[in-house]
Amino acid sequence: MSEAFGTTGVTPQRAGQYHDMVQEAAAHPEAFWLQQARGLTWHKQPTHASRSDFSGDVTVEWFADGRLNASENCLDRHLSTQPDKPALIWEGQEDGQREVLTYQQLHARVCRLANLMRRLGVKKGECVAIHLPMVAEGVIAMLACARIGAIHVVLFGGFSAEGLAERLTDSGAVLVLTANSARRGEKRIPSKVTIDDAIVRCGQSSCVKHVLVVPVTDDVVSMQSGRDLDYAEAVSQEAPECPAESMSALDPLFLLYTSGSTGRPKGLVHSTGGYMVWAAFTHATVFDHKPTDVFWCTADISWITGHTYVVYGPLANGGTIMVYEGLPSWPQPGRWWDVIDRNGVTTFYTSPTVVRAAMREDEAVVRSRSLKSLRILGTVGEPISPEAWHWFHDEVGKGQCAVVDTWWQTETGGVMITAAANAITPRPGAASLPLPGVAATLLDAQGVEVTGAGEGLLCMAQSWPGQAMTIWQDHARYRQTYFTTCPNHYFTGDGARREADGYYWITGRVDDVVNVSGHRIGTAEIEDAIATDHEVVESAAVGIPHDLKGQGLVVFVVPREAGVFHPSAVNSAVSKGVGRYAVPEKIYVVRDLPKTRSGKIVRRLLRKIAAHDLEGLGDLSTLADPDIVSELIAAVKEQQ
Ligand code: WTA
């Protein structure tokens with residue numbers, strides 16, 4: 001297991017430089033990060049790097065006295081050197097839909113929208129929601145917000161109206177960008193209708209003054225006069241130049257909602273300065289970025305991966321990004337391989353779920369494609385098994401590409417643990433080594449640091465530039481969620497194992513977060529949604545291993561009256577409250593849940609029973625009703 005795998009692409013020179021960075025960042029963090037920050041364009045250079053402190057109230061502050069604009073860093077500063085270089089290559093899911101935007105053109109499109117938003121009254125510091133599929137306008141909208149100092153909140157197309165309403169209300173978004181409708185293979189997603197519904201649900205608490213509707217399809221949608229505007233028509237009247245707002249490094253660049261073990265989704269707040277330094281630094285370092293690269297991160301822009309590696313990292317570094325609208329295997333298997341071949345993609349960054357699905361296809365699918373433009377492959381979001389790693393390396397990379405498994409989180413802003421391409425020798429299945437400046441450590445259940453080889457809770461002993469500063473309007477929750485499990489440390493929610501030479505293996509979440517195909521789902525959100533169904537007394541959602549999705553979601557439900565209960569009601573409650581993407585794999589109807597005498601649900605037992613892992617169920621005598629265990633086992637067997 002600790003065998004290193006080959007040395008694909010690792011050069012002594014890159015390895016040496018990387019090693020020096022790790023040393024320098026540890027020995028002289030202030031100087032190291034100020035030096036990295038100089039790679040960006042500032043209105044005022046910062047004079048100090050971190051003023052962060054994980055004790056007391058918890059402060060995360062990077063480059064506090066610096067001033068900059070994120071969209072200028074992604075656009076304007078490249079205009080003098082490479083105005084005609086492709087910044088964004090877009091392909092639609094229908095054959096022949098392709099558009100290439102140079103830096104000059106992308107800049108103009110961003111400026112037009114920025115001017116429009118200003119004219120519509122959007123102010124610096126206000127939130128703008130972006131609810132778009134993978135079209136160029138999604139990227140344009142993010143950068144246009146950054147340009148005028150509006151805080152973007154990108155919302156996943158799969159959220160239900162209820163889920164959207166909750167996030168619109170919490171962020172106080174004043175403007176929403178949506179599509180008339182979106183394509184997903186044969187299906188149409190009614191984006192505008194869902195947004196209309198969400199705004200109605202916000203009721204009095206809605207701050208939305210305008211909805212800009214991007215014509216993604218030819219569907220005609222109803223428009224509310226005075227509130228809704230056709231995007232294409234409105235931007236065409238704006239000038240292609242727009243002065244950028246000067247932002248403090250600590251001004252929020254965006255909020256992004258993510259799930260935790262308790263309560264409703266929380267809006268993590270990312271800073272302008274620290275985040276941009278981290279995005280640019282990690283993109284260049286992890287993917288060994290070259291000016292000739294065509295970088296394709298397949299993540300949706302509504303996830304953190306899309307923020308950092310579709311948009312901010314590669315554009316800050318003057319790269320060319322690939323944005324593809326469609327599914328991997330629609331209209332036929334191998335569609336994504338064709339996208340790579342047609343566009344000369346050099347760096348392909350995707351999820352283990354995509355790799356596992358591709359492995360199941362006929363091997364002729366991948367073998368019939370050239371894929372020779374590829375140089376670097378990456379995965380993120382969930383562990384990749386050594387088997388999938390090797391398949392990715394051998395079949396997609398044809399044995400010629402570095403493969404980087406990258407561990408990180410919405411909260412971390414960018415990659416934290418990886419075997420940086422061509423610098424660190426990877427071990428298939430291992431996240432590998434912390435990046436320069438990442439003070440990863442393992443703590444045991446008592447909060448004592450594990451030294452050398454061992455296993456424990458994965459924590460960070462110090463801040464890094466990409467760290468989220470707070471939770472939107474709830475700093476107490478931020479402190480409580482991340483800094484109390486292991487005092488004076490940021491606690492990731494993951495467990496990990498470390499080898500004697502420092503390589504990390506992520507063992508998975510130790511809290512009640514389930515990772516379905518790389519989507520973070522809080523079990524509490526699922527249970528809250530189910531609780532709206534009056535036929536249900538109580539429920540518990542747990543994750544179980546799943547061949548394709550990594551984890552699958554399973555729900556145990558205690559009905560009020562067994563005979564008249566319809567499990568399908570549970571699906572619609574989840575679909576309505578959270579979104580269709582979170583509908584459980586399986587629903588088990590049971591008489592009761594296993595609880596301690598103090599009434600706490602013993603999820604560990606439910607996870608094992610649902611996964612048919614009946615060995616070592618542990619001491620059951622502490623349960624309020626030990627007999628329930630055999631009933632649960634029987635119920636799971638029966639309802640298979
Ligand atoms: C999991 C996605 C194993 C982990 C960027 C983490 C991983 C959560 C990996 C964050 C990986 C992410 N190996 N597990 N390479 N990458 N995870 O916030 O449990 O959507 O805490 O960020 O995904 O998910 P999030």
Side-chain angles (χ1 to χ4, degrees), residues 154 156 158 254-261 265-268 270 275 278-279 282-283 286 297-313 349-356 377-386 388-389 392 403-420 424 426-435 438 440 457-460 466-468 471 481-482 485 490-498 503-523 525 543 545 549-551 581-582:
V154 188
F156 176 45
F254 62 87
L255 310 186
L256 192 58
Y257 286 89
T258 192
S259 300
S261 44
K266 38 190 191 256
L268 270 316
H270 278 285
Y275 173 81
W278 195 242
T282 55
H283 169 256
V286 173
C297 165
T298 67
D300 192 276
I301 53 161
S302 60
W303 306 115
I304 189 68
T305 312
H307 282 59
T308 311
Y309 301 110
V310 173
V311 185
Y312 289 110
Y349 188 33
T350 193
S351 68
T353 294
V354 167
V355 176
R356 286 191 296 266
L377 303 174
T379 60
V380 57
E382 17 156 6
I384 181 161
S385 67
W389 195 102
F392 201 30
V403 176
V404 290
D405 172 9
T406 61
W407 177 89
W408 58 292
Q409 312 179 290
T410 305
E411 293 85 344
T412 72
V415 177
M416 299 288 279
I417 303 181
T418 192
I424 299 288
R427 277 175 206 161
S432 299
L433 295 169
L435 280 182
V438 171
L457 304 174
L458 180 61
C459 294
M460 302 296 152
Q467 185 170 25
I471 290 175
T481 308
Y482 302 110
T485 311
Y490 164 77
F491 171 48
T492 63
D494 280 313
R497 192 162 53 72
R498 189 175 51 212
Y503 274 62
Y504 282 87
W505 296 72
I506 307 299
T507 51
R509 300 288 303 196
V510 296
D511 56 9
D512 297 322
V513 171
V514 180
N515 190 334
V516 180
S517 301
H519 287 188
R520 240 169 105 163
I521 300 177
T523 51
E525 281 167 71
K549 301 176 179 176
Q551 276 193 303
Y581 73 100

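Read the numbers this way: they start at 1 and go in the same order the structure lists the ligands and their atoms.
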Working for side chain to side chain contact (heavy atoms under 4.5 Å, CB included), residues L433 and Y504:
CA-CA 6 Å; L433 295 169; Y504 282 87; 5.6 Å; no
Please output the residues near ligand 1 using a strict heavy-atom distance under 4.0 Å, listed in chain and residue-number order.
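Contacts of ligand 1 under 4.0 Å: I304, T305, V380, G381, E382, P383, D405, T406, W407, W408, Q409, T410, D494, I506, R509, N515, R520.
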Once the angle between the rings of W303 and Y581 is folded into 0 to 90°, is it parallel (under 30°), tilted (30 to 60°) or perpendicular (over 60°)?
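The arrangement is perpendicular - the two ring planes meet at more than 60°.
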Taking the side chain as C-beta and beyond, is there a heavy-atom pair between Y312 and Y275 under 4.5 Å?
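Side-chain contact under 4.5 Å: yes.
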With a 4.5 Å cut-off on side-chain heavy atoms, are H283 and W278 touching?
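A side-chain contact under 4.5 Å is absent here.
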Is the closest basic N to carboxylate O distance between R356 and E382 below 4.0 Å?
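Yes, R356 and E382 are salt-bridged.
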Judged by modelled atom types alone, do Y349 and T406 share a side-chain donor-acceptor pair under 3.5 Å?
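Yes, because at least one side-chain N or O of Y349 sits under 3.5 Å from a partner of the opposite role on T406.
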